[in-house]
Amino acid sequence: MTQYNFDEIIDRRGTDSVKWSKKHLREYFGDEDVLPLWIADMDFRVAQPIVEALTTRAQHGVFGYGYKSDEFLQAAVNWQRRRNGWEIAKEWILFTPGVIPALNVIVETFSRPGDSVIIQCPVYYPFANIITDSGRRVADNPLIHTDGKYEMNFADLERLARDSRTKLMFLCSPHNPVGRVWTAEELQRVGEICGQNDVLVVSDEIHSDLIYPPHRHIPFGKIAEDCQANAIVCTSPSKTFNLAGLHISDIIVPNDKVRTELAHRLTAVDGDPGSFGSVAQIAAYNGGEEWLAQLISYLEENLDFIEGFLKERMPRVTMTRPQATYLAWLDFSDYGLTERELQQLMRRKAKVALDDGYIFGAGGEPFQRINFACPRSTLREALERIQNALEDIR
Ligand SMILES: Cc1ncc(COP(=O)(O)O)c(C=O)c1O
């Protein structure tokens with residue numbers, strides 16, 4: 001068994017990394033020297049079977065057009081069966097070079113300008129951009145936040161779904177940034193409300209392999225037959241195995257009619273993986289589980305570390321432990337800062353690059369999202385910088 005070392009510091013500068021590039025840090029944070037714990041990728045080296053498979057493929061030296069091979073599709077089918085107990089057919093899988101391209105095409109395919117798409121703020125901010133950029137409207141069904149716990153507002157969801165202009169719902173499952181893993185009861189209720197009102201559920205499950213015990217991810221399509229018929233489930237090995245730069249995602253569409261319509265539109269985006277994406281998905285899903293188990297343990301220890309640090313050294317900053325994802329949602333409300341003051345404090349004084357909570361929509365203003373998929377020493381450095389910056393604030 002390979003023992004992976006997640007404490008290893010790997011210099012990512014000079015590797016076209018958005019997270020670490022001076023250009024992006026200057027552009028987004030106004031300072032190239034901030035310590036980056038923002039955009040959702042990891043500072044860890046990938047599983048050895050993936051490195052080996054890609055190296056072998058590179059050695060072959062010919063990189064012509066590829067396609068969704070049987071092995072590529074079967075790896076995703078087996079993964080869903082093994083990890084989530086969800087039986088899917090190879091034919092249900094459509095390929096896109098990322099979940100974002102898929103969401104764009106889904107909106108274009110299943111709604112018209114002026115229609116509405118439900119999202120649950122505070123939520124992964126590109127959802128709202130995709131909707132508004134295509135001339136659709138955001139129907140926000142804000143999460144209810146009580147005592148640090150986020151829950152869905154079903155009465156409000158029902159009201160929004162009933163509106164005849166509402167055609168789609170983007171469900172973030174598990175939820176980025178609040179870290180909730182939705183229960184069977186919650187998913188069932190979403191399924192019922194959307195099913196009764198002909199609202200197609202697009203379940204973004206990109207973070208669904210990064211779940212902390214005792215929580216369990218339930219694919220939306222597994223909840224019930226009628227949910228399955230009314231679902232587009234977006235999956236990918238990209239967050240799980242740190243492969244975002246290889247642009248792979250598997251869009252699972254059980255309903256023949258919905259799939260045929262979407263597949264037709266997808267030809268405009270690209271319906272097949274690239275040579276490296278294909279090899280990486282096969283290697284990751286077939287041989288990456290040992291690495292993933294070790295990764296999840298390391299991430300849990302990072303969470304313990306954050307909890308301990310906050311308790312001892314920054315008690316006014318609070319965090320509800322995420323049930324999933326490597327993103328923690330830090331609450332700075334106790335300081336009573338405006339979103340601009342909080343942003344400036346992070347960037348100018350603490351010199352860290354985190355994601356400002358307000359970009360995730362209403363309710364996110366007093367929060368900062370920190371990506372803790374990094375060596376513990378980097379995490380410690382970031383938290384110490386924040387602690388120092390907060391020192392003289394009342
Ligand atoms: C919920 C969610 N969906 C989609 C994406 C991006 O997906 P992709 O890189 O496959 O377009 C992210 C990335 O952070 C995410 O958090």
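Both counts, for ligands and for their atoms, begin at 1 and track the order of listing. These numbers come from a predicted model, not from an experiment. Values below: all heavy atoms of this structure, side chains included; hydrogens, waters and symmetry mates excluded.
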K.L.:
If I compare all heavy atoms of H24 with all of S21, which pair ends up nearest, and what's the gap?
P.N.:
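So the two residues come closest at ND1-OG, 2.6 Å.
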K.L.:
Which residue is it: Y212, F6, W291, Y4? I am looking for the one with a ring pair (Phe, Tyr, Trp, His ring centres under 6.0 Å) to Y298.
P.N.:
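Between Y298 and the candidates, ring pair (Phe, Tyr, Trp, His ring centres under 6.0 Å) is satisfied uniquely by F6.
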K.L.:
Using the rule ring pair (Phe, Tyr, Trp, His ring centres under 6.0 Å), only one of W329, F127, F367 pairs with F360; which is it?
P.N.:
W329
K.L.:
Should D209 and K239 be marked as a salt bridge (Lys or Arg N to Asp or Glu O under 4.0 Å) after you check the CA-CA gap, both sets of side-chain angles, and the distance that decides it?
P.N.:
CA-CA 8 Å; D209 299 314; K239 298 290 167 209; over 6 Å; no
K.L.:
Please report the shortest heavy-atom distance between L103 and C234, naming the atom on each side.
P.N.:
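Reported closest heavy-atom pair: CD2-SG, 4.2 Å.
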K.L.:
Polar pairs, ligand 1 vs protein, N/O only, below 3.5 Å.
P.N.:
| residue | atom | partner | partner atom | Å |
| --- | --- | --- | --- | --- |
| ligand 1 | 3 (N) | D204 | OD2 | 2.5 |
| ligand 1 | 10 (O) | V99 | N | 2.7 |
| ligand 1 | 11 (O) | V99 | N | 3.2 |
| ligand 1 | 11 (O) | I100 | N | 3.0 |
| ligand 1 | 14 (O) | K239 | NZ | 2.9 |
| ligand 1 | 16 (O) | N176 | ND2 | 2.8 |
| ligand 1 | 16 (O) | H207 | NE2 | 2.7 |

K.L.:
List in chain and number order the residues that pass salt bridge (Lys or Arg N to Asp or Glu O under 4.0 Å) with E339, two or more places apart in sequence or in another chain; answer none if no residue qualifies.
P.N.:
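Counting only residues at least two positions away or on another chain, E339 forms no salt bridge (Lys or Arg N to Asp or Glu O under 4.0 Å).
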